[in-house]
Asker: 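Got a structure for you, written out below as structure tokens; questions coming shortly.
Sequential numbering from 1 along the given sequence is applied to the chain's residues.
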Amino acid sequence: METISENAAFGGVQGVYRHAAGSTGCDMTFGLFLPSEARLHPVPLLWYLSGLTCTHENAMTKAHAQEHAARHGLAVVFPDTSPRGDGVADDDAFDLGQGAGFYVNATQDPWAKHFQMWDYVAQELPRVLMANFALEEDRQAITGHSMGGHGALTLAMRLPGRFASVSAFAPIANPTASDWGRKQFKAYLGEDQTLWGAHDATLLMRESGLRGPVLVDQGTQDQFLDLLRPEALAEAMAARRQPGTFRMQPGYDHSYFFVASFMAEHMDFHAKALAQ
């Protein structure tokens, strides 16, 4: 593993690292914030999954997560959103290919060779993190924005017991019924729509729900509301009587100004769950 950079931040260290990933068949880069407590003992870990067009860097520099994580003694990992490199398949559209992995394992050409983001985030990167940093494997939580909110919710529901809590900022909530989902699932997973449901937070909520608490924030002025379909997830949560909170935030859009505005509350939410 290569250290790209390490900077002091709020008493801890914000690092950026690169490693050769077997699941994606290419080098992958991630950011990791470690609070000061990590110098003395392993600390709990919060996953932050980013959205379309993002790399590891967007949330790392725009979400204001480090200050709040330092207050609670939490580490935060910022994975990349897709495999990258000259030999990795791509598309001219911003919502397919590099920067748009959708946290699935692709089965269709030309994507299947490298686009194994489910295995990378669910299996390989956790092994890398636990082997190289002072982190508590049994105390993890997960959050994400937009496509990353989709990833956070689906990972939490399909890996019961892995995460103490899950939250999301403006998640792609019902991708099988949206152009942010149907297009990508068809490309990555093929025509068989029965395979798509495993990556739809609304459908998973209806089927199994979550064991731990959930917090979802959505801006009322989000320019992508019709693509995100938050009402479908809210209805599924209500129908299942899922413990949790779904909030429509007046005036907020889809930007990182929205994410940063509520990051402290999300961090408090996860810190409380991890403390229990």
Asker: Can you measure from NE2 (His254) to CG (Leu228) and round to the nearest 0.5 angstrom?
Answerer: 5.5 Å
Asker: Are more than 12 heavy atoms from other residues, nucleotides or ligands located less than 6.0 Å from atom CZ of Phe257?
Answerer: no
Asker: Decide yes or no on side chain to side chain contact (heavy atoms under 4.5 Å, CB included) for Tyr256 and Ser50, but give the supporting numbers first.
Answerer: CA-CA 11 Å; Tyr256 265 98; Ser50 291; 3.8 Å; yes
Asker: Please evaluate residues Trp180 and His150 with respect to the criterion ring pair (Phe, Tyr, Trp, His ring centres under 6.0 Å), reporting the C-alpha separation (whole Å), side-chain torsions for both, the decisive distance (0.1 Å), and the verdict.
Answerer: CA-CA 11 Å; Trp180 274 1; His150 139 80; over 10 Å; no
Asker: How many angstroms lie between NE2 in His64 and CZ in Phe262, if you round to the nearest 0.5 Å?
Answerer: 14.0 Å
Asker: Which heavy atom in Tyr103 sits nearest to a heavy atom in Gly148, and how many Å separate them?
Answerer: CE1-CA, 3.8 Å
Asker: Looking only at atom types and distance, does a side-chain atom of Ser82 sit under 3.5 Å from a main-chain N or O of Gly101, one as donor and one as acceptor?
Answerer: no
Asker: Show your working on side-chain hydrogen bond (donor to acceptor under 3.5 Å, both in side chains) between Asp217 and His266 and close with a plain yes or no.
Answerer: CA-CA 9 Å; Asp217 274 316; His266 281 243; 2.7 Å; yes
Asker: Indicate yes or no for a side-chain donor-acceptor contact from Gln98 to the backbone of Val88 under 3.5 Å, with no hydrogens or angles considered.
Answerer: yes
Asker: Mind listing the closest non-hydrogen atom pair of Tyr48 and Ala59 along with its distance?
Answerer: CE2-CB, 3.1 Å
Asker: Would you check if Met1 and Arg18 make a side-chain contact, meaning some heavy-atom pair closer than 4.5 Å?
Answerer: no
Asker: Parallel, tilted or perpendicular for Tyr188 and Phe115, by the 30°/60° rule?
Answerer: parallel
Asker: Could you tell me whether the side chain of Glu6 and the main chain of Val13 form a donor-acceptor pair under 3.5 Å?
Answerer: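 Looks like no, no N/O pair under 3.5 Å.
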Asker: Can Ile142 be reached from Val214 by stepping across I, L, V, M, F, W or Y side chains whose heavy atoms are under 4.5 Å apart?
Answerer: yes
Asker: Is any side-chain heavy atom of Leu45 less than 4.5 Å from a side-chain heavy atom of Met130?
Answerer: yes
Asker: Flag yes if more than 12 heavy atoms outside Asp179 fall under 6.0 Å of its CG atom; otherwise flag no.
Answerer: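 Atom CG in Asp179 is not crowded, with 12 or fewer foreign heavy atoms closer than 6.0 Å.
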Asker: Between Leu274 and Leu155, is there a shared hydrophobic cluster once you connect ILVMFWY residues whose side-chain heavy atoms come closer than 4.5 Å?
Answerer: no
Asker: So, taking the atom named CG in Leu74 and the one named CD in Gln66, what distance separates them when rounded to the nearest 0.5 Å?
Answerer: 12.0 Å
Asker: For a 4.5 angstrom cut-off between non-hydrogen side-chain atoms, does Trp47 reach Val121?
Answerer: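 Answer yes - side chains close enough.
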Asker: Quick check on the hydrophobic clustering: are Leu49 and Phe269 connected, directly or via other members, by side-chain heavy-atom contacts under 4.5 Å?
Answerer: no
Asker: Taking Glu57's backbone N and O only, do any of them form a donor-acceptor pair with Thr61's side chain (distance below 3.5 Å, no angle check)?
Answerer: yes
Asker: Treating Ser167 as the side-chain partner and Thr143 as the backbone partner, does any N or O pair qualify as donor plus acceptor under 3.5 Å?
Answerer: no
Asker: CZ of Phe246 to CD of Glu235: how many Å apart, nearest 0.5 Å?
Answerer: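 Rounded to the nearest 0.5 Å, the CZ-CD separation comes to 9.5 Å.
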Asker: Just verifying a value: how many Å separate Thr176 OG1 and Trp196 CH2, rounded to the nearest 0.5 Å?
Answerer: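 Output value for this atom pair is 8.0 Å.
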Asker: With a 4.5 Å limit on heavy-atom distance, are the side chains of Phe102 and Ile172 in contact?
Answerer: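 Yes, at least one pair of side-chain atoms sits under 4.5 Å.
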Asker: Say whether Leu52 and Trp111 are linked into one hydrophobic cluster, either directly or through other cluster members, by side-chain heavy-atom distances under 4.5 angstrom.
Answerer: yes
Asker: Let me see the working for His72 and Asp268 under side-chain hydrogen bond (donor to acceptor under 3.5 Å, both in side chains), right down to the final yes or no.
Answerer: CA-CA 8 Å; His72 294 292; Asp268 292 346; 2.7 Å; yes
Asker: Check whether NZ of the Lys or CZ of the Arg Arg158 lies under 6.0 Å from the centre of the six-membered ring of Trp118 and within 45 degrees of that ring's axis.
Answerer: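 Yes, cation above the ring, under 6.0 Å and within 45°.
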Asker: Quick one: does Leu153's side chain get under 4.5 Å of Val166's, heavy atoms only?
Answerer: yes
Asker: Examine distances only and state if a side-chain atom of Asn105 and a backbone atom of Asp119 form a donor-acceptor pair shorter than 3.5 Å.
Answerer: yes
Asker: Determine, stepwise, if the pair Val76 / Met60 fulfils side chain to side chain contact (heavy atoms under 4.5 Å, CB included).
Answerer: CA-CA 9 Å; Val76 186; Met60 190 180 78; over 6 Å; no
Asker: Going by heavy atoms in the side chains, are Val43 and Pro35 under 4.5 Å from each other?
Answerer: yes
Asker: Is there a donor-acceptor contact under 3.5 Å from the side chain of Gln242 to the main chain of Leu210?
Answerer: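 Judged by distance alone, yes, a pair lies under 3.5 Å.
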Asker: About how many Å separate CD of Gln116 and CD of Gln123, when rounded to the nearest 0.5 Å?
Answerer: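 The distance works out to 10.5 Å.
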Asker: Would you check if the side chain of Thr81 reaches a backbone N or O of Cys54 as a donor-acceptor pair within less than 3.5 Å?
Answerer: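 Yes, Thr81 side chain to Cys54 backbone: donor-acceptor pair under 3.5 Å.
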Asker: Taking CG in Asp226 as the centre, count heavy atoms belonging to other residues, nucleotides or ligands within less than 6.0 Å. Is the count above 12?
Answerer: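 Not more than 12 within 6.0 Å, no.
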Asker: Would one find more than 12 heavy atoms of other residues, nucleotides or ligands at under 6.0 Å from atom NZ of Lys183?
Answerer: yes
Asker: For Thr220 versus Leu225, what's the shortest heavy-atom pair and its separation?
Answerer: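 Between these two residues, the closest heavy atoms are O-CD1, 3.5 Å.
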Asker: For residues Phe30 and Leu129, determine if any side-chain heavy atom of one lies less than 4.5 Å from a side-chain heavy atom of the other.
Answerer: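 Answer yes - side chains close enough.
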Asker: Determine yes or no for a side-chain-to-main-chain donor-acceptor pair under 3.5 angstrom, with Thr24 supplying the side chain and His114 the backbone.
Answerer: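 Between the backbone of His114 and the side chain of Thr24 there is no qualifying donor-acceptor contact (under 3.5 Å).
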Asker: Step through the shown structure and confirm whether more than 12 heavy atoms of other residues, nucleotides or ligands are within 6.0 Å of CD on Gln108.
Answerer: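 Enclosed: over 12 neighbouring heavy atoms sit under 6.0 Å from CD of Gln108.
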Asker: For a side chain to side chain contact (heavy atoms under 4.5 Å, CB included) check, start with the C-alpha distance between Gln218 and Leu233, then their side-chain angles and the critical distance, and finish with the verdict.
Answerer: CA-CA 11 Å; Gln218 171 65 62; Leu233 179 60; over 6 Å; no
Asker: Does any non-hydrogen side-chain atom of Met28 lie less than 4.5 Å from one of Tyr120?
Answerer: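 In contact.
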Asker: Quick one: closest heavy-atom pair of Ala122 and Leu159, and the distance?
Answerer: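 Reported closest heavy-atom pair: CB-CD1, 4.0 Å.
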Asker: Could Asp90 and Arg84 be called an ion pair, given the rule that one side-chain N must be under 4.0 Å from one carboxylate O?
Answerer: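 Result for this pair is no, no salt bridge flagged.
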Asker: Set out, in order, the CA-CA distance, both residues' side-chain angles and the distance that settles side chain to side chain contact (heavy atoms under 4.5 Å, CB included) for Met205 and Leu203, then state yes or no.
Answerer: CA-CA 5 Å; Met205 181 61 70; Leu203 300 183; over 6 Å; no
Asker: Using every non-hydrogen atom in the two residues, find where Asp27 and Ala20 come nearest and quote the distance to one decimal.
Answerer: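 Scanning both residues, the minimum pair turns out to be OD1-CA, 3.5 Å.
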Asker: Is the backbone N or O of Pro213 less than 3.5 Å from a side-chain atom of Ser165, with the two atoms forming a donor-acceptor pair by type?
Answerer: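 No.
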Asker: Going only through I, L, V, M, F, W and Y residues with side-chain contacts under 4.5 Å, is there a path from Val104 to Leu96?
Answerer: yes
Asker: If you look at every heavy atom in Ala106 and Leu189, which pair is closest and at what distance?
Answerer: CA-CD2, 4.4 Å
Asker: Should the ring pair His145 and Phe169 be called parallel, tilted or perpendicular, given that the plane angle runs from 0 to 90° and is split at 30 and 60?
Answerer: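 His145 vs Phe169 ring planes: perpendicular.
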